[in-house]
Q: 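Structure incoming, see below.
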Amino acid sequence: MSSSTDASGSADAAHREQACTALRELLGLLADDAPAERFAGPAAAARAAGASAAELSEIDEATQTALRVRRTLNQHQRREAELTALFDTAGDLAALRDLDAVLRAIVHRAKLLLRTDVAYLSLNDPAAGDTYMRVTDGSVSAAFQNLRLGMGEGLGGLVAQTARPYATGDYEVDPRFQHTTPIDSAVLEEGLHAILGVPLRQGTHVIGVLFAADRTARAFTPDEGALLSSLADHAAIAIDSARRMEETRAALVDLNAASQTIRAHSEALRRAEDAHDRLTDLVLRGGDFTEVATAIGALLRGGTLIHDADGTELARVVDADGTELAGVVDAGAAEPRTPPAEAVAASRASGRAVPFDGTWVCAVLAGPELLGSIALTDRADLGEADRRLFERAGVVTALLLLLRRSAAEAEDRVRGELLGDLLSLSGTPGRLASRARRLDVDLALPHSVFVAHSDTAARRLLLSSAARAARVRHGLSGLHHDHVVLVLPADDTGSRARALAAELTQAAGAPVTVGAAGPATGPEALAQAHAEALRCLSALRALGHTGRGADLPDLGFLGVLLGDDTNLDSYVRRTLGPVLDYDTRRGTELVHTLRAYFACGMSQSKAKDALHVHVNTVVQRLDRIGHLLGPDWQSPERSLEIQLALRLHAYTGATASP
């Protein structure tokens, strides 16, 4: 009995040793992370060794426990690997600054983590109301890479619309999705079957969809969905960060541009203020128009012209280095230029400098009143800052013109007062002469008196035009006995009267008639000349010679009758002088022929009988007379003057040469 007992005990010990060996093998397999199929080995070995049913049951239970432990360890390892991958992804994404690089990194990491054939990402387009493919990794189809999905269309459109993840084992036959021809053909061309899509969220707002897809049909596990969703959350944060970074960079660029604009604007303001101060100081120190034009040309690097309101050129600088070309005021050699009236009008209407045919023109204004204009040449590319500087120069020029006008008006008042005292014989000659010298007028020299009248021109305009003419000629002007009167240094009184009538007519914009007398020296003589000029003006108006200028000798015999000094010899010489001189030089009888011609009623045939010559001789003599006296010598007015002169010559024997 002891012998059987010992045998039984030995068998039990062997079986226990075999069970322990199986357990040690299972633990070794767990330690080696062996494949699941190897865990069935210890049970098979025990069964082959003849282990009892109880022992085999124990070993099977240990095997199942080992497999559960293995699965748990594998899950922990996989989860650890996924977490590590997510942390690595977050670090990689945080280091990226370019949005395209961020999107490419997201898609590539999704493909690696889920070990799929293709990964891709679409972004929502709020303006178009759809979602479009932005980045793909592993894709080979151009149609798929450029696919756009309407909200709710296909798997991606449904994810974008509902903000929920969706997965399919085989998209082509899955009826849950709204299939469209563009989407199905692109998916078929790419060869995709299993697709997993999760939303990219920013708060509650869906900005896109992240996908993982395989070209073989299979089911995605919940763990894969969770992993892709975690990656999508990181991706959404990275996309938002990248967008904000781009917005920040754009804002910095805009800020830098704004800063540069502000600096440029500040510099322009500083430059404009400096220029304004320089020009203003120049004007207040008594600078003239040429100095102002030179300063403007130097500041703006161009030629400068200044005109007054009448278009009279006041100064000219031809280039940026300040080279001066004198204008009308300085009586230089340059031909004066008239400012373009349309450009001045446009500048006056807009209140800004305007370009015109390669030149910038700025109206010089005092409120609504046009004082003049300035023109800038050789600067077709005038920028905004220089344009405003040019307009500031217009303000300074307005100040100079106002100062000039104020000084001129004050001087004109003084000249007008002197003119009134001179013609009214108020004050001693010495005191009047002293006052005149202070105005650069020398009363010791002969002067002529001119009286101007216009039926339509404004009195103020006519008076200002006369004052300007008097200042230029170093004379006097003013209103005397309700007439505009000028006293100017004498030369040819009649010619000066005609020129003055034309000048005042143009300046006043209406016909101006000018009666003249002189020359005369001294207050009394000038007062008498004034009375004679008034009579001449009355005669001109009575004869209908509106807009003309003349002195009494220009009126012929009427002038002799109206004049205080009845100088018949002078009248004869002025009327017949060329004929008398010709007879004296050649010994001809042109004067005798004229008497006979008029005595015969201006008949050539009767005149040849009275002269006892051939009619051709009469014709030749009359042609010569026409050359000497002018083509209109037979007009009624001229013939009357000539006949009166012939009678006076016959009675007085006035044959003196000039």
Q: Once rounded to the nearest 0.5 Å, what's the spacing between atom CD1 of I306 and atom OG1 of T397?
A: 5.0 Å
Q: Roughly how far, to the nearest 0.5 Å, is CE of M133 from CG of L123?
A: 10.5 Å
Q: Give me the atom names and distance for the closest heavy-atom approach of V206 to A163.
A: CG2-CB, 3.2 Å
Q: To the nearest 0.5 angstrom, please state how far the CE atom of M151 sits from the CG atom of L158.
A: 11.0 Å
Q: Looking at R215, is its backbone amide N or carbonyl O close enough to the side chain of D117 to form a donor-acceptor pair, meaning the two atoms are under 3.5 Å apart?
A: yes
Q: Whether the side chain of T248 engages the backbone of R244 through a donor-acceptor N/O pair (distance < 3.5 Å, no angle test) should be reported.
A: yes
Q: Is there a donor-acceptor pair closer than 3.5 Å between any side-chain N or O of S347 and the backbone N or O of R352?
A: yes
Q: As an exercise, state the distance from CZ of R201 to CG of D240, rounded to the nearest 0.5 Å.
A: 15.0 Å
Q: Test S122 against every option in V135, T131, I207 by the side-chain contact (heavy atoms from CB on, under 4.5 Å) rule and name the one that passes.
A: T131
Q: Name the one of V198, L196, L200 that satisfies side-chain contact (heavy atoms from CB on, under 4.5 Å) with S229?
A: V198
Q: Taking atom CZ of R218 as the centre, does the number of heavy atoms from other residues, nucleotides or ligands within less than 6.0 Å exceed 12?
A: yes
Q: If you round to the nearest 0.5 Å, how far is NE2 of H108 from CG of L121?
A: 15.0 Å
Q: Could you grab the distance from atom CG of L103 to atom CG of L210, nearest 0.5 Å is fine?
A: 10.0 Å
Q: Using modelled atom types only, decide if a donor and an acceptor are shared between the side chain of D125 and the backbone of D130 within a distance under 3.5 Å.
A: no
Q: By the definition side-chain contact (heavy atoms from CB on, under 4.5 Å), identify the one residue from V364, D308, V344 that meets it with L370.
A: V344
Q: Could you check whether any side-chain N or O of R134 sits under 3.5 Å from a backbone N or O of R104, counting only pairs where one atom can act as donor and the other as acceptor?
A: no
Q: Does the D174 side chain pair with the main chain of R176, one donor and one acceptor, at a distance under 3.5 Å?
A: yes
Q: Return the orientation label for the H179 and Y171 ring planes: parallel under 30°, perpendicular over 60°, tilted otherwise.
A: tilted
Q: Do other residues, nucleotides or ligands put more than 12 heavy atoms under 6.0 Å from the CD atom of E172?
A: no
